[in-house]
Protein chains: 2
Amino acid sequence: MDYQKYVQMLKAMADPNRLKIIDLLSCGSLCACDILEHFDFSQPTLSHHMKVLQNAGIVAARKEGKWQHYTLQAEFMATFKQDTAQLLSSDDQCVCHDVTCTACASGKVVVTNEKN
Amino acid sequence: MDYQKYVQMLKAMADPNRLKIIDLLSCGSLCACDILEHFDFSQPTLSHHMKVLQNAGIVAARKEGKWQHYTLQAEFMATFKQDTAQLLSSDDQCVCHDVTCTACASGKVVVTNEKN
DNA sequence: TACAAACATAGATGCGCGTCTATATTTATA
DNA sequence: TATAAATATAGACGCGCATCTATGTTTGTA
């Protein structure tokens with residue numbers, strides 16, 4: 001998986017306001033002014049947050065007249081779930097395969113690395 | 001879902017080094033010195049990162065002799081996947097249910113909120 | 001054409017975070 | 001008991017981030 005891209009998604013999501021924006025968009029598209037109504041911060045701040053979400057590939061923007069419509073990227077929803085599952089599983093591509101535990105190898109403790 | 005707890009998990013994960021630590025632990029327990037070998041930063045920095053992961057409920061620590069063993073929390077792995085699925089889905093508990101789109105309501109654009 | 005609405009950009013500010021060095025603490029061992 | 005190994009704590013530093021105000025840009029409308 002694309003480690004760097006996954007971290008960028010996590011960083012973009014790791015803000016309570018941006019997480020709420022994602023939640024608001026989970027049912028469909030919304031324009032900026034409607035999103036803004038749910039928050040206390042200023043309009044430029046929302047503009048900043050939307051740019052962060054776009055750069056992370058989470059949100060797509062489409063302009064129609066005066067309004068800027070935002071939608072969750074389908075690819076993000078799929079990729080993020082997939083990357084998360086892979087991170088928390090110990091499959092063949094896991095980085096932990098060449099890892100040993102010094103304490104365990106010394107025979108002084110009972111803890112064992114399940115993969116060795 | 002616990003919004004605040006989920007954000008705390010995301011923040012803890014939104015660092016490339018901590019994400020690699022989680023990946024290293026996805027196969028089993030490791031002590032601090034073994035984790036440290038995979039990074040360039042100092043030992044106090046690792047100690048700091050492990051504390052962040054513990055406070056977020058991602059990692060559990062267990063001391064045996066000189067060694068501090070770290071393990072991924074089973075509850076975290078379950079909760080995080082579940083919260084993620086709920087965030088990206090539009091079920092009954094979604095915050096977007098009382099949301100309308102001004103631009104759509106005006107009838108000037110073709111975009112519609114899928115839930116309305 | 002003038003004005004208002006929706007949104008973006010520029011620049012500044014304050015706070016948090018990742019990292020460091022130095023030192024303390026705990027535990028095993030000679 | 002002295003020493004070394006493994007880890008934690010304290011305090012400092014620099015950078016990035018979330019936010020703001022002020023202003024620019026685009027688009028629809030009277």
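Each chain gets a letter, A, B and so on, in the order its sequence line appears, and its residues count up from 1.
Taking atom CG of residue D15(B) and atom P of nucleotide dC15(D), one finds them 18 Å apart after rounding to whole Å. With rounding to whole Å, K11(B) atom NZ is found 6 Å from dC17(C) atom P. Note: NZ (K51(A)) to P (dC17(D)) measures 15 Å, nearest angstrom. Atom pair L46(B):CG and dC20(C):P shows a separation of 11 Å (rounding to whole Å applied). Atom-to-atom, CE of M50(B) to P of dT19(C) comes out at 14 Å; the value is rounded to the nearest Å. Residue L30(A) contributes atom CG, which lies 15 Å from atom C1' of dA6(C) at whole-angstrom precision. In this structure, E37(A) atom CD and dA6(C) atom P are separated by 10 Å, rounded to whole Å. Rounded to an integer number of Å, the gap from E64(A) CD to dC7(C) P is 12 Å.
Taking the six-membered ring for Trp and the full ring otherwise, H49(B) and F39(B) have centroids separated by 6.0 Å or more.
Contact annotation: S42(A) reaches the phosphate of dC20(D) (side-chain N/O to OP1 or OP2, under 4.0 Å). Between K66(A) and dA4(C) there is no side-chain N or O to OP1 or OP2 distance below 4.0 Å. Applying the 4.0 Å criterion to OP1 and OP2 of dA8(D), one finds that K63(B) has every side-chain N and O outside that range. Residue T45(B) has a polar side-chain atom (N or O) positioned under 4.0 Å from OP1 or OP2 of dC20(C).
A side-chain donor from one of T84(B) and Y6(B) sits under 3.5 Å from a side-chain acceptor of the other.
Contacts of Q43(A) with the nucleic acid, taken as non-hydrogen atoms under 4.0 Å apart, include base atoms. Residue H48(A) is in base contact, counting any heavy-atom pair closer than 4.0 Å across all strands shown. Nucleic acid contact class of F39(A) (heavy atoms, under 4.0 Å, all strands): none.
Here the side chains of Y3(A) and D83(A) are not in contact, with every heavy-atom distance at 4.5 Å or above.
Of all heavy-atom pairs between I58(B) and A12(B), the closest is CD1-CB, 3.8 Å. Residues D34(B) and H38(B) share a closest heavy-atom pair of O-ND1, 3.1 Å.
Comparing dA8(D), dT19(C), dA18(D) by their nearest atom to the side chain of H49(A) picks out dA18(D).
Mapping F41(A) and P44(B) onto DNA chain D via the closest heavy atom, the residue that lands nearer the 5' end is P44(B).
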